[in-house]
Amino acid sequence: MGDSIKVYITKIENTTKGPLILLSRKHYGFVKRLFELEIPEFNDGTLMMYAVAREPGVRSKVAVYSTNSKVDAIGSCVGEKGTRIANIIKELNGEKVDLILYNPDIEKFVANALSPAKNLNVSMMSDNEALVIADTENLSLAIGKKGVNIKLASKLTKVKINIKTLEDINKEINEK
């Protein structure tokens, strides 16, 4: 009682008993609004948010880009000594937040979204399906604990991601 909390309004409707207001702290829009509150560059249009994907309580991925070539999008979100992102993480009760640099080239964007995994070869199989080839040590990083990383990357990019190692692909070719 008496505590002030931040919430996201998901729905407002009039009922016979009066207005019904649905609030959420799990909605991806909550993360989006926290970024807009904490980082003034979103309000003046210097930074833009492409998409947000969220697994509440576990991890969020936020794709950002800069409209000004002199402004580092991810650096602006992190802030000096990490203060901006620290305030957002504190409000999310310690949920991990991955900042992803948006790229209009979908293959590069998918590779960025699968961070912290590196050295990924991405090739688009169709408009909304990608095959990612990872080396053995980056495979588990790309998939993430309980598949969270690949699921969030897929939501963020709106692309179905299939990930395999070079050894797996060679086995499939030899079987055929």
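Just so it is clear, the model here is predicted, and its values are computed rather than measured.
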Item to check | Val58 and Lys96: CA distance, side-chain angles, deciding distance, side chain to side chain contact (heavy atoms under 4.5 Å, CB included) verdict | outcome: CA-CA 6 Å; Val58 181; Lys96 289 180 174 52; over 6 Å; no
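- Contact annotation: the side chain of Ile21 never approaches that of Thr10 to less than 4.5 Å [non-hydrogen atoms, C-beta and beyond].
- For the pair Glu95 (side chain) and Gly57 (backbone), a donor-acceptor distance under 3.5 Å is present.
- Arg59 CZ to Asn149 CG: the interatomic distance, rounded to the nearest 0.5 Å, is 6.0 Å.
- Distance check, rounded to the nearest 0.5 Å: OG of Ser60 to CG of Leu92 gives 6.0 Å.
- Side chain of Ser115 to backbone of Ala117: no donor-acceptor contact under 3.5 angstrom is found.
- The CD1 atom of Ile85 sits 9.0 Å away from the CG atom of Asp98 when rounded to the nearest 0.5 Å.
- Contact between Lys26 and Ser24 at its shortest, heavy atoms only, is N-OG, 3.0 Å.
- Atom NZ in Lys6 sits 5.5 Å away from atom CG in Leu37 (nearest 0.5 Å).
- A donor-acceptor pair is defined here as one N or O able to donate and one able to accept, closer than 3.5 Å; such a pair exists between the side chain of Thr67 and the backbone of Thr46.
- Leu139 belongs to a hydrophobic cluster whose other members, connected by ILVMFWY side-chain contacts under 4.5 Å either directly or through intermediates, are Met48, Tyr50, Tyr65, Ile100, Tyr102, Ile106, Phe109, Val110, Leu114, Leu120, Val122, Met124, Val132, Ile143, Ile150, Leu156, Val159, Ile161, Ile163.
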Checklist entry - After noting the C-alpha distance and the side-chain angles of Phe35 and Val97, does the key distance pass the side chain to side chain contact (heavy atoms under 4.5 Å, CB included) rule? => result CA-CA 11 Å; Phe35 270 85; Val97 177; 3.8 Å; yes
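- Ile5 and Phe30 fall into different hydrophobic clusters, where Ile, Leu, Val, Met, Phe, Trp and Tyr residues are linked whenever their side-chain heavy atoms come under 4.5 Å apart, directly or through other members.
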Item to check | Candidate pair Asn162 and Glu129, rule side chain to side chain donor-acceptor pair (under 3.5 Å), full reasoning | outcome: CA-CA 8 Å; Asn162 296 316; Glu129 192 171 352; 2.9 Å; yes
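- More than 12 heavy atoms of other residues, nucleotides or ligands shown are found within 6.0 angstrom of CG on Asp105.
- Shown are Arg25, Arg84, Arg33; of these, the salt bridge (charged side-chain N to carboxylate O under 4.0 Å, His left out) with Glu91 is made only by Arg25.
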Scan the side chains in residues 69-81 for donor-acceptor partners under 3.5 Å anywhere in the protein, sequence neighbours excluded, and list what turns up.
| unit_1 | atom_1 | unit_2 | atom_2 | d |
| --- | --- | --- | --- | --- |
| Asp72 | OD2 | Gly75 | N | 3.1 |
| Ser76 | OG | Asp72 | O | 2.9 |

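- By the 4.5 Å heavy-atom criterion applied to side chains, Asn128 and Lys160 are not counted as neighbours.
- Residues Ile12 and Val7 fall within the same hydrophobic cluster, defined by Ile, Leu, Val, Met, Phe, Trp and Tyr side chains chained together at heavy-atom separations under 4.5 Å.
- By the criterion of side-chain heavy atoms lying less than 4.5 angstrom apart, applied directly or through intervening Ile, Leu, Val, Met, Phe, Trp or Tyr residues, Val64 is not grouped with Leu152; the two fall into different hydrophobic clusters.
- Atom CG of Leu22 is surrounded by more than 12 heavy atoms from other residues, nucleotides or ligands within 6.0 Å.
- The two residues Ala153 and Ala113 have their closest heavy-atom pair at CB-O, 3.6 Å.
- Distance alone, capped at 3.5 Å, places no donor-acceptor pair between the Asn138 side chain and the Leu141 backbone.
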Next on the checklist: Assess the residue pair Tyr28 and Val62 against the criterion (side chain to side chain contact (heavy atoms under 4.5 Å, CB included)); give the C-alpha distance rounded to whole Å, side-chain angles, the decisive distance to 0.1 Å, and a yes or no.
Outcome noted: CA-CA 10 Å; Tyr28 70 90; Val62 182; over 6 Å; no
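- The structure places CZ of Arg54 at 10.5 Å from NZ of Lys155, a figure rounded to the nearest 0.5 Å.
- Expressed to the nearest 0.5 Å, how far CD of Glu107 lies from CG of Asn112 amounts to 12.0 Å.
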